[in-house]
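FYI, the numbering just counts along the sequence from 1. Model, not experiment: these values are computed from the prediction.
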Amino acid sequence: MTSVDDGGRAESMPRVKVGGGPETIRALSEAFTGGVLPDTYVAGGDLVHTEQVSGGLASVAADEDAPLPIAATVLAPANTAGLLAKHVYVYRIKFRKKEDGSLEPYEEECTPSQAALAAVLAAKTWPGVPPLRGIIGAPILRRDGTLLQTPGYDPATGLFLASRVDLPPVPEQPTAEQVAEARSFLLDRFLRDFPWASDADRANYLALLATPILRTFTRSLTPFAMIDATMPASGKTILTGGPGMLYGQKILIWSDAEDELRKQITAVFTDQVGVVIWDNLPEGTVIDSATLAALVTTGVWSDRPLGTSRSASTVNDRLWMATGNNLQVGGDMASRTVRVHLDPDMPRPESRDQSKFGIPGLDQWITQPANQMTVMRHLLVLVLDWTRAGAGRAAGLAMRQFTPWAQALGGLLAHHGIDGFLTNMAAVRDVDEDETRWRGFLTCWHDRHGDKEISAAELRADGEPDVLNGVHLDRWDGLFITTSSGRLPNPIHLGRMLTGQTGRWRGDYVVRKRLSERGDRAMFKVERAST
């Protein structure tokens, strides 16, 4: 018999009998691996519970956070005790005296001790518990080319679909009419009125919009996305809001400090979003970050979360973006960035007559769930039509670690007759501030010294301005290489900078290095490519 009248609750719930500490630990371990707790999975060796997030606010602007409606929480003793009380009848056997003096056993519902729960949850192996590999905000293509579009957990991929919008089923084989309608809507209405600088910018944006759908299918890394414009009010935030609203987004404030940037990245992996956006960077910002360069070229991000003592690893399944006016890239980011550039070529872009737009008030339109559903449905139709036709790749495209991504998205766009994808890569190099500085420096060096070998100290002395009648005359015309703080380097620092550039072509010029005849110093020269 039970110790209280629970209206039959004990009979309708799973039952777990506990006792002393070891018995409780064994019973709970067996119960958890047997699936006694609903919506519970294993991720990175930890038991996690998925649940609806209450009190979430719908984003009212494209530049605000838009989290997914489902969150996964690692089980700890406190929340596990709550889940057990809600879903499981946990009891122990106790005894009481009867009138005749004999002992009568009875059941008493109880909460396992914190120590027992902690001991159970410390395990890293959970046989029989399904793995949770991520929470996604919109349908995706599985590796076999089928569409994951049913909300909830998908055993085939280990993904949990927590759609931000209620999307009716999309046919696996769209009709020709549906394909034509989807293409017309996306190109002739949704994207028609953005002031694209070139066809490449529109094609690149469509590729980025479809990237989260295809990430699992292509099994590829995804490049960094830079959406910039010549003028404010050109539509940059609306463009990031497209994928952000569809897949869930987190808005961050840009930091030039590498440590702060790394902390931001590690922290944002705890958010259930598919898109991360550094929005509205200061005008002319140079995106040159070793941390970002490492992020977009790694499939698993490892770092120690703030306030913890152990490193954590997370699958890098986000789309990383930045917006601003006249942004530049530097260092390794130039070859790891896809650029979408807007140029309204007018003094006040905000004054354009929106009543003539394909979709008036697009900045507010995209925040409405029904409209997000429309965009997603048409996007999925184009993707499924491509896979039905064999999912052809653009074999001629190459983009370092992102070549599988480039070839797949290039194939999708080519299938639908959308030209220009990645044809602005040279323009990305043109806004590579690091490339421009070194190319100018090496060009001037070669003009001044030809193929002559020179030490770092001699070269640094040559960089000193002449003084004529009290006026400083710069023989390098401002092109001598400087440190990150804008100062001329001392000879030792200059030697290290030149060593770091040895063998790296900057335009038609390259630095060569060898030891002097006496072997006591490094000698440098600049070679020019033969024409």
Side-chain angles (χ1 to χ4, degrees), residues 1-54 70-135 152-155 158-160 270 272 304-305 307-315:
M1 60 180 292
T2 60
S3 59
V4 294
D5 181 8
D6 62 2
R9 175 174 173 273
E11 285 72 26
S12 64
M13 301 173 69
R15 295 165 56 87
V16 175
K17 177 179 173 291
V18 298
E23 181 184 359
T24 298
I25 292 172
R26 288 191 295 268
L28 291 177
S29 296
E30 182 178 350
F32 289 169
T33 55
V36 71
L37 291 178
D39 304 316
T40 300
Y41 309 93
V42 60
D46 295 322
L47 280 186
V48 297
H49 177 70
T50 59
E51 58 187 334
Q52 188 87 18
V53 179
S54 298
I70 296 291
T73 305
V74 175
L75 289 186
N79 57 1
T80 305
L83 289 172
L84 286 170
K86 183 177 181 180
H87 299 288
V88 182
Y89 182 76
V90 181
Y91 68 97
R92 59 189 171 191
I93 301 297
K94 299 194 74 174
F95 293 88
R96 60 190 171 197
K97 279 188 177 181
K98 298 174 62 176
E99 291 183 359
D100 61 4
S102 62
L103 295 179
E104 176 187 35
Y106 70 95
E107 296 177 3
E108 179 183 75
E109 187 174 14
C110 62
T111 298
S113 70
Q114 294 280 300
L117 290 171
V120 173
L121 296 173
K124 291 298 179 184
T125 302
W126 299 97
V129 179
L132 180 66
R133 297 190 170 90
I135 297 178
Y153 180 74
D154 179 53
L159 297 173
F160 193 107
T270 63
Q272 311 298 332
R304 189 178 68 185
T308 65
S309 58
R310 66 186 181 114
S311 181
S313 297
T314 310
V315 174

Using modelled atom types only, decide if a donor and an acceptor are shared between the side chain of T33 and the backbone of E30 within a distance under 3.5 Å. yes

Minimal non-hydrogen separation, P77 against L121, with atom names: N-CD1, 3.7 Å

Of all the heavy-atom pairs spanning T24 and A116, show the shortest one and how long it is. CG2-CB, 3.8 Å

Tell me, do V42 and P130 make a side-chain contact under 4.5 Å, heavy atoms counted? no

Sidechain-backbone polar pair: H49 side chain, D39 backbone, donor-acceptor under 3.5 Å: yes

Would you say that more than 12 heavy atoms from the other residues, nucleotides or ligands in this model lie under 6.0 Å from the NZ of K124, or not? yes

Under a 4.0 Å N-O cut-off, is there an ion pair linking K17 with E23? yes

Closest non-hydrogen atom pair between P112 and L84, with its separation: CG-CD1, 4.1 Å

Taking all heavy atoms of A43 and all of L132, pick out the closest pair and write down the distance. CB-O, 3.6 Å

For T40 against V129, the heavy-atom pair lying closest together: O-CG1, 4.0 Å

Would Y41 and Y153 count as a ring-ring contact (aromatic ring centres under 6.0 Å, His included) here? Give the steps. CA-CA 10 Å; Y41 309 93; Y153 180 74; 4.6 Å; yes

Nearest-0.5 Å distance that lies between atom CG in D46 and atom OG1 in T73: 12.0 Å

Heavy atoms, side chains only, cut-off 4.5 Å: are H87 and P38 in contact? yes

Would you find a donor on one side and an acceptor on the other, under 3.5 Å apart, between the side chain of N79 and the backbone of V74? yes

Any side-chain heavy atom of T111 within less than 4.5 Å of one from V90? no

Do the charged groups of R92 and E108 touch, with an N to O distance under 4.0 Å? yes

Pairwise side-chain contact, F160 with R133, heavy-atom cut-off 4.5 Å (strictly under): no

Hey, are the side chains of Q52 and I70 touching, using non-hydrogen atoms and a 4.5 Å cut-off? yes

At what distance, to the nearest 0.5 angstrom, does CG of L47 lie from OG1 of T80? 7.5 Å

Could you check whether any side-chain heavy atom of V48 comes within less than 4.5 Å of a side-chain heavy atom of L75, counting everything from C-beta outward? no

Check the orientation of F32 and W126. Use parallel for under 30°, tilted for 30 to 60°, and perpendicular for over 60°. tilted

Just so I know, are the side chains of E104 and F95 near enough to count as touching, which here means a heavy-atom distance under 4.5 Å? no

Separation between NZ (K94) and SG (C110), nearest 0.5 Å, reads 9.5 Å

Where do R15 and E107 come nearest, in terms of heavy atoms and distance? NH2-OE2, 2.5 Å

